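I have placed the structure first, in the form of structure tokens, so that the comments after it can refer back to it.
Only a predicted model underlies this, so the values are computations on that prediction, with no experimental measurement involved. Quick note on labels: first sequence line is chain A, next is B, and so on, each numbered from 1.
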Protein chains: 2
Amino acid sequence: MAAESDLNTGVLLFLPYRALENRVFAALAKAGFDDFTPAQARVMQRIGPDGTRLTELAEQAQITKQTAGFLVDQLEKASYVRRVPDPTDKRARLVCGAEKAWAAKEIADGVVAEVEKEWEAHLGKRRMTQLREALTLLREITDPWA
Amino acid sequence: MAAESDLNTGVLLFLPYRALENRVFAALAKAGFDDFTPAQARVMQRIGPDGTRLTELAEQAQITKQTAGFLVDQLEKASYVRRVPDPTDKRARLVCGAEKAWAAKEIADGVVAEVEKEWEAHLGKRRMTQLREALTLLREITDPWA
DNA sequence: GACGATGGTCAGAGTCTCTGACTAATTTGG
DNA sequence: CCAAATTAGTCAGAGACTCTGACCATCGTC
């Protein structure tokens with residue numbers, strides 16, 4: 001029945017992921033958000049609504065805190081984020097998204113919704129739901145921060 | 001019913017992908033294959049059984065041919081690949097995997113199979129099949145080389 | 001209050017990636 | 001058949017990313 005491909009599941013996961021990421025980057029660039037790099041974006045993506053510590057950003061992005069610091073420096077210079085003191089810990093600072101970041105996020109979210117709609121149109125509603133359900137379940141054993 | 005997460009599908013795809021990749025790299029390093037980098041691996045992964053042209057490797061890895069050439073140079077020095085003339089085109093050379101690459105691939109394939117088995121144990125056979133089915137279908141509209 | 005752990009920075013080096021310019025071979029069109 | 005456009009690949013240089021190691025300040029614990 002279903003023409004099962006012989007590719008391993010890793011590749012099958014990666015292909016649509018990369019396709020989606022490419023679409024988002026293209027849309028952001030077209031909207032004028034072309035002053036940040038993919039590496040910076042991968043860090044910025046992980047900033048929570050109330051700010052996130054550098055160390056936590058580094059862990060989630062799986063880079064060293066030095067690298068994260070370097071990338072946040074760029075983002076700060078480009079006005080995407082600012083660092084505010086963490087009221088609960090004088091050592092720490094919270095990396096917070098600035099308006100520019102939220103504006104970019106709005107664009108990005110729009111594209112993601114659009115692509116998800118395209119995928120649903122191709123797969124059918126049932127399969128799309130099954131896909132998200134399986135992936136959500138998988139997160140339990142693959143996401144250290146789940 | 002299913003506790004659907006609110007994460008976008010991109011993140012949902014990325015998380016298990018990265019978990020799998022991490023497992024593979026760890027196993028390869030443990031088996032002694034620690035003399036290549038992730039960037040080199042992403043190129044090596046795309047070499048076909050009969051060799052692949054540099055330009056094609058670059059396209060599929062979504063990097064420039066200059067970068068691909070740089071990475072293949074390293075892989076060649078480390079004896080993972082060799083370049084042989086393309087009999088059908090005197091301009092071109094085929095990047096071919098060497099024995100060392102096939103040995104590493106064997107390790108990698110083993111780990112992938114192992115992880116897939118773990119995932120199937122967690123999801124159940126039915127959901128795992130649905131997952132692969134949906135991803136395979138998705139490939140039709142997300143993989144330019146499908 | 002001393003001590004180990006945690007949050008973060010500074011300095012330096014190595015790796016990855018790109019743009020631009022170039023050569024050689026192939027393909028196309030007249 | 002041959003000139004022009006295309007394609008495969010390389011060289012050179014610069015910028016971006018990432019790491020290891022060393023370091024300081026603060027926090028939490030005993």
Side-chain angles (χ1 to χ4, degrees), chain A residues 18 21-22 25-26 29 33-48 50-78 80-96 144-145, chain B residues 18 21-22 25-26 29 33-48 50-78 80-96 144-145:
Chain A
R18 186 174 62 178
E21 194 180 65
N22 285 344
F25 269 104
F33 295 102
D34 55 356
D35 55 346
F36 64 88
T37 66
Q40 289 163 25
R42 281 190 286 271
V43 168
M44 187 161 39
Q45 207 180 357
R46 291 170 165 85
I47 298 174
D50 304 322
T52 306
R53 287 186 188 177
L54 191 64
T55 305
E56 201 181 327
L57 289 178
E59 279 174 3
Q60 295 196 15
Q62 293 192 5
I63 54 180
T64 61
K65 53 189 182 176
Q66 294 92 322
T67 300
F70 172 80
L71 295 171
V72 168
D73 282 347
Q74 323 292 317
L75 288 169
E76 200 169 22
K77 277 174 201 150
Y80 281 103
V81 310
R82 57 184 186 285
R83 295 192 234 222
V84 306
D86 183 333
T88 73
D89 189 334
K90 277 173 191 156
R91 292 169 302 177
R93 288 195 283 168
L94 292 172
V95 180
C96 296
W145 298 269
Chain B
R18 187 174 63 179
E21 193 180 66
N22 286 344
F25 269 103
F33 295 103
D34 56 356
D35 55 345
F36 63 87
T37 66
Q40 288 163 26
R42 281 190 285 272
V43 167
M44 186 159 42
Q45 208 181 357
R46 292 172 164 82
I47 298 174
D50 304 322
T52 305
R53 288 187 188 176
L54 191 64
T55 305
E56 202 181 328
L57 289 177
E59 278 175 4
Q60 294 196 15
Q62 294 193 3
I63 54 181
T64 61
K65 54 188 180 176
Q66 294 93 321
T67 299
F70 172 80
L71 295 170
V72 168
D73 282 346
Q74 323 290 319
L75 288 168
E76 200 168 23
K77 277 176 202 150
Y80 282 103
V81 308
R82 57 185 185 287
R83 294 193 233 222
V84 306
D86 184 333
T88 73
D89 189 332
K90 278 175 191 155
R91 291 169 303 176
R93 289 193 284 168
L94 292 171
V95 179
C96 296
W145 298 270

Can you give me every donor-acceptor pair (side chain of residues 34-43 of chain A, partner residue at least two apart or in another chain, under 3.5 Å) with its distance?
from, atom 1, to, atom 2, distance (Å)
A:Asp35, OD1, A:Tyr80, OH, 2.4
A:Asp35, OD2, A:Lys100, NZ, 2.7
A:Thr37, OG1, A:Gln40, N, 3.2
A:Thr37, OG1, A:Gln40, NE2, 3.4
A:Gln40, OE1, A:Thr37, N, 3.4

What's the verdict on side-chain contact (heavy atoms from CB on, under 4.5 Å) for A:Ile63 and A:Leu71, showing C-alpha distance, side-chain angles and the deciding distance?
-> CA-CA 11 Å; A:Ile63 54 180; A:Leu71 295 171; 4.0 Å; yes
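Looking at heavy-atom distances under 4.0 Å, B:Arg83 makes contact with sugar-phosphate atoms alone, never a base.
In this structure, A:Asp86 atom CG and C:dG7 atom C1' are separated by 10 Å, rounded to whole Å. Summarising the geometry, the separation between CZ on B:Phe70 and P on D:dA8 is reported as 22 Å, rounded to the nearest angstrom. The nearest whole Å value for the distance from the CG atom in B:Asp73 to the C1' atom in C:dT15 is 14 Å. The interatomic distance linking A:Glu76 (CD) with C:dG8 (C1') rounds to 13 Å, in whole Å. The interatomic distance linking A:Gln74 (CD) with D:dG15 (P) rounds to 13 Å, in whole Å. Rounded to whole Å, the distance from CZ on B:Arg42 to C1' on C:dT17 is 12 Å. Atom-to-atom, CD of A:Gln40 to C1' of D:dG15 comes out at 12 Å; the value is rounded to the nearest Å. Regarding B:Lys77, its NZ atom lies at a distance of 11 Å from the P atom of C:dC16, rounded to whole Å.
Between the axis at the start and the axis at the end of the helix from C:dG1-D:dC30 to C:dG30-D:dC1 there is an angle of 40°, using five pairs per end and rounding to 10 degrees.
A side-chain contact (heavy atoms from CB on, under 4.5 Å) with B:Ile47 is found for exactly one of B:Leu94, B:Val81, B:Val72, namely B:Val81.
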Could you write nucleotides 21-30 of chain D as a row of B, S and -, 5' to 3', where a protein heavy atom under 4.0 Å of any base atom gives B, of only sugar-phosphate atoms gives S, and otherwise -?
-> B---BBS---
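The phosphate of C:dT15 has neither OP1 nor OP2 within less than 4.0 Å of any side-chain N or O from B:Thr37. Contact annotation: A:Arg93 side-chain N/O to C:dT9 OP1/OP2 distance is under 4.0 Å.
Closest approach of B:Cys96 and B:Gly51 over heavy atoms only: SG-CA, 3.8 Å. Here the closest non-hydrogen pair linking A:Trp145 and B:Arg18 is CZ3-NH2, 3.8 Å.
B:Arg82 meets the salt bridge (Lys or Arg N to Asp or Glu O under 4.0 Å) test with no other residue; sequence neighbours excluded. Remark: B:Glu76 engages B:Arg83 in a salt bridge (Lys or Arg N to Asp or Glu O under 4.0 Å) (not counting sequence neighbours).
From B:Gln62, atom CD reaches atom CD of A:Glu21 across 9.0 Å, with rounding to the nearest 0.5 Å. Between atom NZ of residue A:Lys65 and atom OG1 of residue A:Thr55 there is a gap of 6.0 Å, rounded to the nearest 0.5 Å.
Within the 4.5 Å cutoff, the side chain of A:Phe70 has heavy atoms near those of the A:Gln74 side chain. A 4.5 Å side-chain heavy-atom check between B:Asp89 and B:Arg53 finds at least one atom pair inside the cut-off.
Near-neighbour residues of DNA chain C inside residues 52-64 of chain A, defined by a heavy atom below 4.0 Å, number-ordered: A:Arg53, A:Leu54, A:Thr55.
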